[in-house]
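Remarks on the structure that follows.
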Amino acid sequence: MTSIAVRSVTKRFGPSGTPPVLGSIDLEIGAGQFVALLGSSGCGKTTLLRTIGGLETASGGTITVDGRSVTGGASERRKALADVGFVFQEHNLLPWRTALENVALPLQSRKVAKATRTAKAGEMLELVGLSHAADKLPHEMSGGMRQRVAIARALAYDPGVLLMDEPFGALDAQTRDNLNLELQRIWLEARKTVVFVTHSISEAVFLADRVVVMQAQPGRVVADVTIDLARSRGADVMATPEFARYTGLLRDALDGHDAPALNDPAPNATEEKSA
Amino acid sequence: MTSIAVRSVTKRFGPSGTPPVLGSIDLEIGAGQFVALLGSSGCGKTTLLRTIGGLETASGGTITVDGRSVTGGASERRKALADVGFVFQEHNLLPWRTALENVALPLQSRKVAKATRTAKAGEMLELVGLSHAADKLPHEMSGGMRQRVAIARALAYDPGVLLMDEPFGALDAQTRDNLNLELQRIWLEARKTVVFVTHSISEAVFLADRVVVMQAQPGRVVADVTIDLARSRGADVMATPEFARYTGLLRDALDGHDAPALNDPAPNATEEKSA
Amino acid sequence: ACGSDDAETVKGGVTRTYQSALGWLVGNSPEIIAKEAGYLAEYGINGKLVSSTGTAQALQGLLAKSSEYSRIQPLSSMITIANEDAPFVVFGTSVQASAFEMQSLAEKPVKSMKDLEGKSVGIISAGGTTDQMVDLMAVRQGVKPKDINRKVTGLGTAAHQFALKGDVVAWIGSATERTALEEAGHKIHAWSFDSVIKVPGDSFVTTRDELDKNRDVVVKVLAAYYRGLEFVVDPKNDKQTIEYFRTYNREITVDMAQAQLDVARPLFLAAGRNNIMKTDVTQWDTMQDALAQAGLIEKTVDLSTVVYADLLDEALALI
Amino acid sequence: MKRTSTFVDRWLVFVTTPLLALVIIGGWEAYVRLSGVSHFVLPGPGDVFAALKTQITDPYVWTEHVWTTFVETVFGLLIGAAIGIASGFAIGKSRILDLVLRPFLVLIQVTPKVALAPLFVLWFGFGESSKIALAALVCFFPLMVNTAFGIQSLPQGHGDMATSIGAGRWFRFARVELPHTMAYILAGLEQAVVLATIGAIVGEYLGGDKGLGRYALNLQSNLQIDLLFGAIVLMAVYGLVLYVATTSLKKVLIPWHESVRLTSRPSK
Amino acid sequence: MKRTSTFVDRWLVFVTTPLLALVIIGGWEAYVRLSGVSHFVLPGPGDVFAALKTQITDPYVWTEHVWTTFVETVFGLLIGAAIGIASGFAIGKSRILDLVLRPFLVLIQVTPKVALAPLFVLWFGFGESSKIALAALVCFFPLMVNTAFGIQSLPQGHGDMATSIGAGRWFRFARVELPHTMAYILAGLEQAVVLATIGAIVGEYLGGDKGLGRYALNLQSNLQIDLLFGAIVLMAVYGLVLYVATTSLKKVLIPWHESVRLTSRPSK
Ligand SMILES: Nc1ncnc2c1ncn2[C@@H]1O[C@H](COP(=O)(O)OP(=O)(O)OP(=O)(O)O)[C@@H](O)[C@H]1O
Ligand SMILES: Nc1ncnc2c1ncn2[C@@H]1O[C@H](COP(=O)(O)OP(=O)(O)OP(=O)(O)O)[C@@H](O)[C@H]1O
Ligand SMILES: [Mg+2]
Ligand SMILES: [Mg+2]
């Protein structure tokens, strides 16, 4: 079953004539799939994610989430996005709310009772290792703490689709590893559809079912690699030769040597796109 | 010659009585040394860097930069910091200035002639791979692009001391590797004093002469490891067993198993601190 | 409350509002006493008293039917009646002489409008009564109104300062203001406008509509005002007058009020004790001619449709 | 450094304000003596303070005038704030409403209300209602402009976040837009409270029988210029008190805002 | 979606504004007819527009009244803006100056200026200077409040960045603080331009022989109420034009600001 379908989506900021930020993007993501999005800085990952999340209007093409159009009317879009959680590249915490209150916000918006949402938000803060900082305001937190609060916020209301834009970018290795494991656990339990932008190739391989590689000008998909590693994966998976093969493959795709490296065994899981 | 001397520095946000964010920090950094600062999220790296950079007032202790006190009077502080460049964890670009204008800002503040500063800023943008984005405003750039502009800004006026707070956090592997090499080149050429906060152990080992590891509550230095790898280091250094030894050592220090692992050969470069 | 909204309303009576043209001056005492001494109530009228900041405000209040009665300087009402067909009628005259004087420094006295040619005179407000007064008197004394500059100096006491400074050579002020200046030790030369042209004193006005529909009420109001005026002109009542007055202008001291009363009484009595409240139609005639001559009105009106001097007789019949 | 500057902050004002006040009063006295200005135009500070003393010990001044003006100001401010904030949000959130409504709201503001006073009296009577209406009409504007400015300054990220959690219109408004805009509203309120006071007093000037404006008018026509200046001082202090009350709302309502946070950062 | 809404934005206003104006004029006409209000209090729109027609074709109205008020407003605004922005920066940047100066600046603002009119005239003369002074005094306040608010809202990161590059006071001010505060200043200016107009007109009410205020006062004393309302319309339009001129400064001075950026984001 398809969860997210991106069809011939283009995006330009500015009047037609300006070069597009996204060329023509086609992407189909099955329900419960974990897709990592790799690509160099400025290639359009955030833009693609934001367009899927209904935060930018596509200049062309259509996007559906769970069969509902995101690119159409506002009420249809709202319905389509009701079950979508977003972790932004910048934390976007509300400066007047404490960590706990920020995490509880989506629950509050869903009219969850106060006691329940405080409990739930507390749980989420615990998950990201911030129980001790529940009462801090954003300006009293470190960069990494803010980002973790933002992750907790997106997880708090248990959305079926998670769009995560470099959620672990500002975290130290240890916290990051912990959260990687947690995210995998959550995903294995609940089988959410996840689109996960990251700059770390190994993080992508470790977490994802499938890694989509983008390149810039215009932003386009240049590789789409299925990661056939058994779940649940432990830290030890990183030492396996398959893991190294995948990271090598992806590194090449990122460098632009796409064609030769992409001889992946799985038949229709790897596709090639040319600009 | 000592470039930065941090002596018994403590820092608390709030009235005395609140638990300190920085315990008593002692740190001496020689002129031209490249020091990496590692530590888990929220342990006080940013706070320490900001205090050294004169952006926070120390609650106790003294800091000197090139012999001038940062913790004393305002005019002394200004002189001390005249030669210090800062890359912030958050980009802090001015939203009304284009990438080029943002990079040129410190030069403008130093009354560099317009033509010179435009040329210099253009050069710096090229270094971070953003020549094509010189005329973009911050809100028209991607997260990684903004961070690169901020790096270019700090490098533009060629300060003798560079304080860098996770400068490469939001960058893809390739860009990051390039900038690592560039930074090493610049440092080898000009022998700046650099304090470099990072979450990547391998980045720390790759770049630094010395890696300082902090732990939290209160923020304190738990390990101080001299990296004895020959310069200039290429990407291949990462494959050497020394490299692996250092990363293992540091990983242990980060995890809190400090004492046994810290049997480093260099006599007074490694110190141990206990809480 | 300043007595305007109190409980002593007359059951089944009509309510009528009087709006003063400019705050509460001792000159308003007859109207105040008419209410406070219960004369209006005796005639079945619930009186209300409100103030305003200018003749135009008061006149507009009448036209808006926010209020029914006022007492204003006749120059203004005449001009609006003639030029704008404003539906005002005059039914009584409380002051029989002009309250305004041409004042100047005693050292440099201005003795006639001729002395003002090419000079500046201080007036209270632009376009207002004092401004029109200057026009009228200039024409009377053969000076082109345009040849006299006007400066808005406000109160006479402040105008004096501008005269000292040389901004104006004379100003228009009231007798009360002159007294205050003299008490402060200044020497003032002053002459009443009546010495140049005798215009009617401040008159009670209401609207044509009120007169047509409620002539009896107008007469009763006038009767009450007449009794108020009678009360005021009798020095025996001064203590009580001042007490009544001070319910509306609590700020004034008894001494000051007494002093102002002493200045105002001669104005009430200027036409003689037997002629108080009398409206002299010939003065209106004179004024209208002068205004026409000065070009301040475009056409003349039939004064019998404006000035109802005979209402006083009907009012006196009630007393 | 921090402790000192907080200490200085807290106590300095008790030294400097009286000092500056003394300087101003001294200058005033000197001017009155040297220029020989008539006491009908500007009485000396001695006379004015003597007058002020009798005024502030007169309960009637408090119960009638100050209280009346206070009630008018507060109600005017409440109504004006409701109009100003509501219209500010409307035009701030909708470009179309902005284009359509703003011209008319600006027109209301620029229209000189003095000329409309008779209409006000006609519609709202001679009592307090007409003054309240005038105060409301005079004070809504800064709230409108600042509220619109605030809502339009909502960081894109805040709005995106609200969209992404599927916030409904009302939730977005109450939990994201309103708190963000609060700082701007309060800056508008600082101005509105002053304008409401002026509006109420001007309204009293134009007609009525109570309130500070009416009081001043009487004093003026009585030529009690020293008392008039006393009343002016009273009105000014009255406005200042209301203003201070308003600004202290900031510490309660937006403790998190940059403009309120007590910074312990080095001075620059 | 974007194209349409820009199109709608641009043209809708040419439809709705006249439409809304018509509705208001229609309501006015209906009120005048049904309520039977005297035309001396509120003339019908027909009369007012007839009056307005004679007024706008009378060159004297333009050369004497409109021009005089315009000059007074502009100079008053310039002086007031200079005072307001300067004092706003001073009190915004220094907590101590804030505590020391703000009470006095608020006092200046809350003091009813009507009673001080003779002093103004005494100091600034009968001519335009006294009106300019009044306009300046009335309009500086929103600029002060908003400038102070703006400078106090400077994101900590901006300030830190300036410190870190070793920016001097002046550079920090000119390149960081001022550009950031510009948006706030412009919001203050929107209010100041309106207040300056009111200040100039009130000044003319209080004395003078030229300008729209004096003109309106004459018309009111003559009970030429249709002409008076014509003059009010003229003043209102005049104020509106100045206001629009001010707001369009935004597009020039702060094109980067959230409140100006034309967003292509989905409607929420
Ligand atoms: N302004 C502040 N007020 C109160 N507490 C603060 C403030 N700034 C930082 N802290 C606290 O100080 C501690 C250290 O913060 P700091 O930003 O130095 O961490 P960090 O090591 O840089 O972390 P990260 O890697 O996540 O950026 C945190 O626990 C944080 O909550
Ligand atoms: N609002 C905007 N206006 C104009 N151009 C924009 C805007 N937002 C993004 N861009 C451009 O679109 C391109 C893609 O940006 P995007 O943020 O999607 O990159 P990214 O892949 O997320 O990069 P990073 O890894 O650095 O976050 C960039 O070149 C950027 O300059
Ligand atoms: Mg991005
Ligand atoms: Mg940090």
Side-chain angles (χ1 to χ4, degrees), chain A residues 13-14 18-19 21 38-47 50 88-91 128-130 132-133 136 139-148 165-166 168-179 197-204 213-217 219 247 250-251 254-256, chain B residues 13-14 18-19 21 38-47 50 88-91 128-130 132-133 136-137 139-148 165-166 168-179 197-204 213-214 216-217 219 247 250-251 254-256:
Chain A
F13 293 96
T18 43
V21 165
L38 275 177
S40 61
S41 169
C43 74
K45 304 179 295 298
T46 297
T47 305
R50 286 175 58 84
F88 297 88
Q89 191 165 6
E90 279 162 6
H91 57 78
V128 296
L130 284 179
H132 65 282
K136 281 191 196 275
H139 79 267
E140 299 168 332
M141 289 188 263
S142 78
M145 289 160 77
R146 284 179 214 148
Q147 205 167 10
R148 281 182 279 159
D165 197 354
E166 300 187 40
F168 304 152
L171 300 182
D172 58 297
Q174 200 185 346
T175 312
R176 192 165 182 153
D177 290 348
N178 286 343
L179 285 177
V197 175
T198 175
H199 283 312
S200 161
I201 296 176
S202 61
E203 188 170 80
V213 179
M214 286 180 70
Q215 272 191 3
Q217 274 160 349
T247 54
L250 291 169
R251 194 175 298 272
L254 277 167
D255 289 356
Chain B
F13 294 95
T18 43
V21 165
L38 275 177
S40 62
S41 170
C43 73
K45 305 177 296 297
T46 297
T47 305
R50 285 174 60 83
F88 296 88
Q89 192 164 3
E90 278 162 8
H91 56 78
V128 297
L130 284 179
H132 64 282
K136 280 192 197 275
L137 289 172
H139 79 266
E140 299 168 333
M141 289 188 265
S142 79
M145 289 161 77
R146 285 180 212 146
Q147 205 168 12
R148 283 181 281 159
D165 197 354
E166 298 188 42
F168 304 152
L171 299 182
D172 58 296
Q174 198 185 348
T175 313
R176 192 163 183 155
D177 290 348
N178 285 343
L179 286 177
V197 175
T198 176
H199 283 313
S200 162
I201 298 175
S202 61
E203 188 170 79
V213 180
M214 288 180 68
Q217 272 158 353
T247 52
L250 291 169
R251 194 176 297 270
L254 277 167
D255 288 356

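Naming: A, B, ... by sequence-line order, numbering from 1 per chain.
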Between [atom1] of [X] and [atom2] of [Y], what distance do you get to the nearest 0.5 Å?
X        : Y        : atom1 : atom2 : value
A:His139 : B:Phe13  : NE2   : CZ    : 9.0 Å
A:Ser41  : B:Leu130 : OG    : CG    : 7.0 Å
A:Leu171 : B:Glu166 : CG    : CD    : 8.5 Å
A:Glu90  : B:His91  : CD    : NE2   : 4.5 Å

*asked:* Given heavy-atom pairs under 4.5 angstrom as the criterion, report whether the side chain, backbone, both or neither of B:Gln217 touches chain A.
replied: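 The answer is the side chain of B:Gln217.
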
*What residue in A:Ser40, A:Ser142, A:Ser200 has the most heavy-atom pairs under 4.5 Å with chain B?*
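Ranked by contacts with chain B, first place is A:Ser40.
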
*asked:* Out of B:Gly129, B:Gly42, B:Gly39, return the one with the most heavy atom pairs under 4.5 angstrom to chain A.
replied: B:Gly42

*Looking at B:Arg148, B:Arg176, B:Met141, which makes the most heavy-atom pairs under 4.5 Å with chain A?*
B:Arg148

